[in-house]
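Here is the structure we will look at.
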Amino acid sequence: MAWLRATVARFSSGETHARRRALVDADLARLDPLVLRKAIALDPDDDARRASVRALADALGIPEPDAVVEAITIVAGAYFGDAHDTAADQAVAKVLTLMLPTDCGDDPALEAAANRIGLLVQACDATGSLIDHARRAAGGRPAGHDIETLLVETLRHDPPVRATCRMAVRDTRVAGVAIAEGELVILAVAAANRDPEVFTDPEAFDLERSGPPSLTFGSPPRVCPGRDHAMAIAAGALSRDPDALITDDRTSNGGPS
């Protein structure tokens, strides 16, 4: 786990982050969101986290998707927790053996594999939670509104990631508040998404809402690279209607950018 955290784009910055982010972008570029959407719609597993990981692992061509699901579920549970979790260490090692040749000692290949694991963890944790939150908001299958509208408002009203952290790389000032170099800053995404100066009646779950997108997917240079894929996976899980997916417009799979 310590190696994984030290090697993924999420916990890096500067040129290192840019290099690792490029690895993630390259993996995502070869995945068609519509294929992901149909795959999860066909998956009978109602567990959103497991089904999200399985769809992504299969699309990435990782063998034994069910074994990947079991391992990533363990890794996701420790990703932000104890760096000395033995079960999580073993789960990371298991996924690596499925991704890489046994004689692989290539640092670039290991770095690429680590960031692929990071993608799978995000599918488990963030995309799985988005599906659960949307199901809760809709009370089951959505009726009267399209799935994308339900997901967009869920992202704002009940985001799967409620806060994130950043460390200041230099002394700065934000909105009149002094922030010292090295200081940890908590970005409360859920609070920002209910800012009354930006969103009308922000406490209401409103499927007729118009206006700016939520901040759940972040913003450049660290906007979520898998936002379109996450929205596609979530839409597929909510629809469970593969016949309808065939005629869906591809552009409807994108989330706020």
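- To the nearest 0.5 Å, atom CD1 of residue Ile233 and atom CZ of residue Arg54 are 12.5 Å apart.
- Between Glu70 and Lys94 there is no salt bridge, since no side-chain nitrogen of the basic residue lies less than 4.0 Å from a carboxylate oxygen of the acidic one.
- For the atom pair CD1 (Ile117) and CE (Met1), the distance works out to 9.5 Å, reported to the nearest 0.5 Å.
- Considering all non-hydrogen atoms of both residues, Thr127 and Ser52 come closest at CG2-OG, 4.0 Å.
- Residue-environment remark: CD (Glu203) exceeds the threshold of 12 foreign heavy atoms within 6.0 Å.
- Hydrophobic clustering (ILVMFWY, side-chain heavy atoms < 4.5 Å, transitive): Val24 and Leu60 are in one cluster.
- Remark: the backbone N or O of Ala9 is not paired with any side-chain donor or acceptor of Arg21 at under 3.5 angstrom.
- Leu96 and Val8 fall within a single hydrophobic cluster, where Ile, Leu, Val, Met, Phe, Trp and Tyr side chains are chained together by heavy-atom contacts under 4.5 Å.
- With hydrogens and angles disregarded, a donor-acceptor distance shorter than 3.5 Å links the side chain of Thr73 to the backbone of Val69.
- Counting heavy atoms from C-beta on, the side chains of Asp125 and Phe80 come closer than 4.5 Å.
- Val121 and Ile62 fall within a single hydrophobic cluster, where Ile, Leu, Val, Met, Phe, Trp and Tyr side chains are chained together by heavy-atom contacts under 4.5 Å.
- With contacts defined as side-chain heavy-atom distances shorter than 4.5 Å, the pair Val152/Arg156 does not qualify.
- In this structure, Thr216 OG1 and Asn193 CG are separated by 4.0 Å, a value rounded to the nearest 0.5 Å.
- Without hydrogens or angle criteria, Arg5 side chain to Ala2 main chain gives no donor-acceptor distance under 3.5 Å.
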(request) Starting from the C-alpha separation in whole Å, work towards a yes-or-no answer on salt bridge (charged side-chain N to carboxylate O under 4.0 Å, His left out) for Arg136 and Asp158. (result) CA-CA 10 Å; Arg136 181 169 62 218; Asp158 191 12; 2.4 Å; yes
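- Expressed to the nearest 0.5 Å, how far CZ of Arg37 lies from CG of Asp32 amounts to 11.5 Å.
- By the 6.0 Å contact criterion, CZ on Arg30 is enclosed, its count of non-hydrogen atoms from other residues, nucleotides or ligands being greater than 12.
- In this structure, the side chains of Arg194 and Phe199 stay at 4.5 Å or more apart for every pair of heavy atoms.
- Residues Thr149 and Asp146 bring a donor and an acceptor atom of their side chains to less than 3.5 Å of each other.
- Taking 4.5 Å as the limit, every side-chain heavy atom of Cys124 sits out of range of all side-chain heavy atoms of Arg50.
- Expressed to the nearest 0.5 Å, how far OG of Ser219 lies from CG of Leu187 amounts to 9.0 Å.
- A donor-acceptor pair under 3.5 Å links the side-chain atoms of Glu153 to the main chain of Asp206, judged by distance alone.
- Considering every non-hydrogen atom in both Ala48 and Asp132, the closest pair reads CB-OD1, 3.5 Å.
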(message) Using side chain to side chain donor-acceptor pair (under 3.5 Å), reason through Arg209 and Thr200 one step at a time and then give a plain yes or no.
(response) CA-CA 8 Å; Arg209 185 179 299 280; Thr200 303; 5.6 Å; no
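- Of all the heavy atoms in Pro212 and Val198, the pair that sits closest is CG-CG1, 3.5 Å.
- Nearest approach of Leu130 to Ala234, heavy atoms of both residues: CD2-CB, 3.9 Å.
- Residue pairs meeting the salt bridge (Lys or Arg N to Asp or Glu O under 4.0 Å) criterion with at least one partner in residues 172-181, sequence neighbours excluded, do not occur; the list is empty.
- Judged by distance alone, with hydrogens and angles left aside, the side-chain atoms of Arg166 form no donor-acceptor pair with the main-chain N or O of Ile186 at under 3.5 Å.
- A donor-acceptor pair under 3.5 Å is formed between the side chain of Asn115 and the backbone N or O of Glu111.
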(request) Would you check, one step at a time, whether the test side chain to side chain contact (heavy atoms under 4.5 Å, CB included) holds for Asp89 with Trp3? (result) CA-CA 9 Å; Asp89 289 343; Trp3 167 81; over 6 Å; no
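- Linking ILVMFWY side-chain heavy atoms closer than 4.5 Å, directly or via other members, places Val68 and Leu110 in a single hydrophobic cluster.
- You'll find the side chain of Arg116 reaches within 4.5 Å of the side chain of Met99, heavy atoms only.
- For His133 (side chain) and Leu155 (main-chain N/O), no donor-acceptor pair under 3.5 Å exists by modelled atom type.
- Residue Ala71 comes nearest to Val95 through the heavy atom pair CB-CG2, 3.5 Å, listed as atom of the first residue, atom of the second, then distance.
- Within the 3.5 Å criterion, the main-chain N or O of Leu238 finds no donor-acceptor partner in the side chain of Arg135.
- Qualifying side-chain hydrogen bond (donor to acceptor under 3.5 Å, both in side chains) partners for Arg10, counting only residues two or more places apart in sequence or in other chains: Gln122.
- In this structure, Leu56 CG and Asp27 CG are separated by 8.5 Å, a value rounded to the nearest 0.5 Å.
- Following chains of ILVMFWY side-chain contacts shorter than 4.5 Å, one can reach Leu98 starting from Leu120, so the two form part of one hydrophobic cluster.
- Nearest heavy atom pair, residue Leu31 against residue Ala59, reads CD2-O, 3.4 Å.
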(message) Determine whether Phe217 and Met231 satisfy the following criterion, side chain to side chain contact (heavy atoms under 4.5 Å, CB included), listing intermediate values before the conclusion.
(response) CA-CA 11 Å; Phe217 282 132; Met231 291 290 280; 4.0 Å; yes
